[in-house]
Amino acid sequence: MAVVGVLALQGSFNEHIAALKRLGVKGVEVRKPEQLQNISSLIIPGGESTTMAKLAEFHNLFPALREFVRMGKPVWGTCAGLIFLANKAVGQKEGGQELVGGLDCTVHRNYFGSQIQSFEAELLVPELASREGGPETFPGVFIRAPAVVEVGPDVEVLADYPIPSNKVLYSSSAVEFQEENAVPEKKVIVAIKQGNLLGTAFHPELTADTRWHSYFLKMAREYGEGTSNTSVAVSGADLSSDKQTRYDLPIFR
């Protein structure tokens, strides 16, 4: 059985482990730097990014996480995990937070607003559907979510979300906006890929649709990092097939 590490400092690491289990893959909790030596791919889950950063600093994880990324090992960040992997973050609380980096992008930490402004949206995901089959859309669960406001030339955009140009979806007196251009766009980026790194602003682990997990496992296999013997299937269903049922959101609803 293939093994994938899941950073387990705070947030939805249990949900990621459950999604991996549905794909026949073992997810192991990672809390200490030395544990990274025993895995070849890593998921950084959603949660409260400032809290996760403080815990990672307490456990001296940042140097090991940066080395893990630098070595080209596959890493996927969801929501707070996306913030961790960004080279730059704006909209942070006073004092900011430490980042792992690696993704050539700028992330707005709290783009969509507070907890009560969380929402669900059907996202067009042509690359995911092409690789994994199933519907052309994915049920995006956005919980106090970030967004990517700028990407470098080597970053592949996998999904975006339309924003009405006259509607501001974030507001917080506790947030210091560090750039004048960190404002809503007509479309905002919510999923990206660059080499061995994957980032999603939403929470695939909170849905029954495991295609993003399957996509990441195939990334890991392509980079030769420990998932070459993984059969990416759910309950006997071939994810490459076009005959896919509609996915529900049993956890979030």
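Everything numeric in this text was worked out from a predicted model, so none of it was measured. These values consider heavy atoms only, across backbone and side chains, with no hydrogens, waters or symmetry-generated copies.
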Practice item. May I ask you to decide whether Glu15 forms a salt bridge with Arg22, counting only side-chain N to carboxylate O separations under 4.0 Å? Key: no
Kindly say whether [Y] contributes a backbone atom to a donor-acceptor pair with the side chain of [X] at under 3.5 angstrom?
X: Arg211; Y: Gly133; answer: yes
X: Arg144; Y: Glu48; answer: no
X: Asn87; Y: Gly102; answer: yes
X: Arg66; Y: Leu99; answer: yes

As an exercise, state the distance from [atom1] of [X] to [atom2] of [Y], rounded to the nearest 0.5 Å.
X: Lys73; Y: Leu42; atom1: NZ; atom2: CG; result: 10.0 Å
X: Arg31; Y: Leu55; atom1: CZ; atom2: CG; result: 10.5 Å
X: Lys26; Y: Ile39; atom1: NZ; atom2: CD1; result: 12.5 Å
X: Glu205; Y: Thr78; atom1: CD; atom2: OG1; result: 4.0 Å
X: Gln35; Y: Gln37; atom1: CD; atom2: CD; result: 10.0 Å
X: Tyr111; Y: Gln117; atom1: OH; atom2: CD; result: 12.0 Å

Determine, using the 4.5 Å side-chain heavy-atom cutoff (strictly less than), whether [X] and [Y] are members of one ILVMFWY cluster.
X: Leu82; Y: Val151; result: yes
X: Phe62; Y: Leu197; result: yes
X: Leu124; Y: Val190; result: no

What are the two closest heavy atoms between [X] and [Y], and how far apart are they?
X: Ala129; Y: Pro135; value: CB-O, 3.5 Å
X: Ser40; Y: Phe68; value: C-CZ, 3.9 Å
X: Gly46; Y: Cys79; value: CA-CB, 3.9 Å
X: Gln194; Y: Asp154; value: CG-O, 3.7 Å
X: Val107; Y: Pro146; value: CG1-CB, 3.7 Å
X: Pro45; Y: Met52; value: O-CE, 3.6 Å

If you define the side chain from C-beta out and look only at heavy atoms, does anything of [X] sit under 4.5 Å from [Y]?
X: Thr50; Y: Arg109; result: yes
X: Leu20; Y: Ile43; result: yes
X: Leu61; Y: Leu36; result: yes
X: Glu122; Y: Pro139; result: yes
X: Asn14; Y: Glu29; result: yes
X: Lys193; Y: Glu127; result: no
X: Phe138; Y: Thr207; result: yes
X: Phe84; Y: Val69; result: no

**Study point:** Sole candidate of Leu158, Leu103, Ile192 that passes side chain to side chain contact (heavy atoms under 4.5 Å, CB included) when paired with Leu198
**Key:** Leu158
Exercise for review: For side chain to side chain contact (heavy atoms under 4.5 Å, CB included), just list the numbers for Ile143 and Leu206, CA-CA rounded to whole Å, side-chain angles, deciding distance to a tenth of an Å, and then say yes or no.
Suggested key: CA-CA 10 Å; Ile143 303 176; Leu206 298 185; 3.6 Å; yes
**Study point:** Tyr161-Phe119 aromatic ring centre distance below 6.0 Å
**Key:** yes
Review point. Could you go step by step and tell me if Arg131 and Ser214 meet the side-chain hydrogen bond (donor to acceptor under 3.5 Å, both in side chains) rule?
Key: CA-CA 9 Å; Arg131 290 288 299 272; Ser214 172; over 6 Å; no
Exercise for review: Check the pair Lys54 / Glu57 against salt bridge (Lys or Arg N to Asp or Glu O under 4.0 Å), numbers first and verdict last.
Suggested key: CA-CA 5 Å; Lys54 288 179 178 178; Glu57 188 174 2; over 6 Å; no
Practice item. Check step by step if side-chain hydrogen bond (donor to acceptor under 3.5 Å, both in side chains) holds for Ser41 and Trp76. Key: CA-CA 8 Å; Ser41 59; Trp76 173 22; over 6 Å; no
